[in-house]
Number of protein chains: 2
Amino acid sequence: MTPAIAPDIAVTRSHTAKRHSILDAAAGVFCREGFAGANIDLIAAEAGVSRQTVYNHHGDKENLLVAVVREITERINAGVFETLATFPDKPVDLEAELVEFAVRLNQNCMCNRDGKFLRKLLQTEGERYPDLFAGWREHGPAKTWAALAARFARLALSGWLDLDDPDVAARQFLALVNADLQMAMIFGDTVSEEQLRAAATNAVRCFLRAYGKPRPA
Amino acid sequence: MTPAIAPDIAVTRSHTAKRHSILDAAAGVFCREGFAGANIDLIAAEAGVSRQTVYNHHGDKENLLVAVVREITERINAGVFETLATFPDKPVDLEAELVEFAVRLNQNCMCNRDGKFLRKLLQTEGERYPDLFAGWREHGPAKTWAALAARFARLALSGWLDLDDPDVAARQFLALVNADLQMAMIFGDTVSEEQLRAAATNAVRCFLRAYGKPRPA
DNA sequence: ATATTTTTAGACATACTTGTCCAAATCGTC
DNA sequence: GACGATTTGGACAAGTATGTCTAAAAATAT
């Protein structure tokens with residue numbers, strides 16, 4: 001009885017290993033070719049499994065897309081949450097620490113593979129399958145903005161910032177951080193860490209010129 | 001001899017009328033369905049012509065995509081140029097006039113049909129056909145930024161702004177103007193003029209807090 | 001009114017994709 | 001070594017797409 005668990009685990013491990021492999025490959029192919037252009041044979045080949053296995057695991061092609069989107073949004077949300085936890089709540093050098101935070105945000109959430117995939121899938125399939133992204137739409141960016149706004153509001157309370165509307169400031173911060181990366185992202189280029197840091201520096205400088213206060217005692 | 005021109009014009013008129021109709025329909029379908037998912041029968045139906053006519057005019061499906069992209073980028077560039085000409089070079093109330101300029105920019109270039117199409121086509125087919133957008137990549141946003149930067153530099157010279165780097169400021173201005181519209185645009189929602197004006201107001205307020213100077217004499 | 005050109009509708013061959021079915025092979029466990 | 005389940009490769013039918021071809025129809029210029 002006790003060892004009965006072992007085989008289940010082993011089977012499941014191989015199972016989930018292939019599952020992940022398939023989801024990874026499917027994400028890549030869906031992202032590259034779009035839903036209509038995605039070829040299940042190609043997904044199977046890139047995942048290193050047979051086509052039948054793909055159908056065994058995820059059934060329909062549409063079902064597979066759903067699974068891919070769920071996987072990616074979950075990872076993205078986790079990354080955002082994790083990164084938000086590193087916000088400089090009690091800064092010493094606010095400018096430098098905000099720059100580092102912005103770099104982390106871009107590296108972990110916006111510019112990585114998942115971020116690129118989600119952005120692209122959203123734009124290509126968002127209108128065709130609105131339900132697909134409904135969950136992310138509500139729990140994704142809105143929650144991020146709110147969380148960031150709360151951090152900024154606290155910085156305002158402790159005298160570091162002078163804010164009218166923390167929500168607007170949060171959105172503007174994110175927009176500024178991406179200002180110099182728009183082209184690279186829209187063209188799918190990979191951005192070096194130098195570019196990322198330069199963009200973050202420009203963004204934070206502007207942000208603090210607008211909302212910064214002389215350092216509190 | 002003189003009337004020999006007339007028939008050519010007439011033929012060409014009908015010809016170009018259908019050409020436009022086809023390009024319009026193709027733009028819509030390519031944008032909705034992606035290149036792989038776009039159905040030439042559907043394009044023909046939406047254009048109100050027969051499928052054969054589509055092939056007569058543009059040959060290949062790929063060729064049709066090229067024509068569509070060329071058409072849209074040209075219109076976009078024209079719209080940007082036209083809107084840039086309305087920049088408040090000699091402002092009286094800089095904040096109000098920048099807000100109006102930002103609204104025009106969004107209405108004429110970013111949020112209209114062409115802007116949405118270009119953005120979507122770029123994201124879906126940009127990596128597959130890099131040459132397709134090479135022209136726009138060089139002559140599109142870069143030129144816009146440079147032109148806008150020049151305007152800002154002049155405002156700085158005349159004492160309205162305090163700028164380190166006009167190029168950075170131009171990119172940041174555009175980023176701020178889009179900050180509140182990101183979600184709507186990525187989800188393909190249509191934005192009301194109120195939303196647009198509110199977004200522009202927030203953007204300009206932030207921009208001027210960062211770079212504005214007390215009004216010159 | 002006629003002649004020339006474009007447009008149309010439909011048939012057509014070709015090719016590709018999805019999703020299913022099935023027997024053989026593979027893998028891990030007992 | 002044998003068992004059970006999963007995986008595999010390939011065959012298969014059905015549907016759909018592209019691009020070509022043809023003869024008839026329509027529109028336009030002379």
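A, B, ... follow the sequence lines: proteins, then strands. Residue 1 opens every chain.
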J.: Regarding B/R205 and A/D165, does a basic nitrogen lie under 4.0 Å from an acidic carboxylate oxygen?
T.: no
J.: Please check the phosphate of D/dT7 (OP1 and OP2 only) for any side-chain N or O of A/H57 closer than 4.0 Å.
T.: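 Result: yes.
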J.: Residues in salt bridge (charged side-chain N to carboxylate O under 4.0 Å, His left out) with B/E97, at least two apart?
T.: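 Once residues adjacent in sequence are excluded, B/E97 has no partner under the salt bridge (charged side-chain N to carboxylate O under 4.0 Å, His left out) criterion.
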J.: Enumerate the residue pairs fulfilling salt bridge (Lys or Arg N to Asp or Glu O under 4.0 Å) with a member in residues 73-82 of chain B, sequence neighbours excluded, ordered by first and then second residue.
T.: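 Qualifying pairs, neighbours excluded: B/E71-B/R75, B/R75-B/D114.
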J.: Report the distance from atom CD1 of B/I43 to atom C1' of D/dG19, rounded to the nearest whole Å.
T.: 14 Å
J.: Rounded to the Å, how far apart are A/I22 CD1 and D/dT6 P?
T.: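 Taking CD1 of A/I22 and P of D/dT6, I get 14 Å after rounding.
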J.: Using five pairs at each end of the helix from C/dA1-D/dT30 to C/dC30-D/dG1 to define an axis, what is the angle between those two axes, to 10°?
T.: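 About 30°, once rounded to a multiple of 10°.
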J.: Looking at B/T83 and B/F101, what are the two nearest heavy atoms and their distance?
T.: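 So the two residues come closest at O-CE1, 3.4 Å.
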J.: Identify the residue among B/D180, B/L181, B/N106 that makes a side chain to side chain contact (heavy atoms under 4.5 Å, CB included) with B/V191.
T.: B/L181
J.: Just how far, in rounded Å, is P of C/dT17 from OH of A/Y55?
T.: 11 Å
J.: So which of A/W145, A/Y211, A/F152 actually passes side chain to side chain contact (heavy atoms under 4.5 Å, CB included) with A/F173?
T.: A/F152
J.: Does B/M110 offer a backbone N or O that forms a donor-acceptor pair with the side chain of B/R119 under 3.5 Å?
T.: yes
J.: Under a 4.0 Å threshold between the charged nitrogen and the carboxylate oxygen, would A/R197 count as salt-bridged to A/E193?
T.: yes
J.: For DNA chain C, determine which residues of residues 23-42 of chain A have any heavy atom closer than 4.0 angstrom to one of its atoms, and list them numerically.
T.: A/A38, A/N39, A/I40
J.: Rounding to a whole Å, what distance do you find between B/H58:NE2 and D/dG19:P?
T.: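 After rounding, the reported distance stands at 14 Å.
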J.: Mind listing the N/O atom pairs, protein and nucleotides 8-13 of chain C, below 3.5 Å?
T.:
unit_1: C/dT8; atom_1: OP2; unit_2: B/S50; atom_2: N; d: 3.1
unit_1: C/dT8; atom_1: OP2; unit_2: B/T53; atom_2: OG1; d: 2.5
unit_1: C/dA11; atom_1: N6; unit_2: B/R51; atom_2: NH2; d: 3.0

J.: Considering all heavy atoms of both residues, which atom of A/A27 and which atom of A/I72 are nearest to each other, and what is their separation?
T.: CB-CD1, 4.1 Å
J.: Whole-Å distance between D/dA17 P and B/E62 CD?
T.: 19 Å
J.: Please enumerate all residues that pass salt bridge (charged side-chain N to carboxylate O under 4.0 Å, His left out) together with B/R151, with sequence neighbours excluded.
T.: B/D89
J.: Would you say that A/V66 contacts A/D60 through its side chain, given a criterion of any heavy-atom pair below 4.5 Å between the two side chains?
T.: no
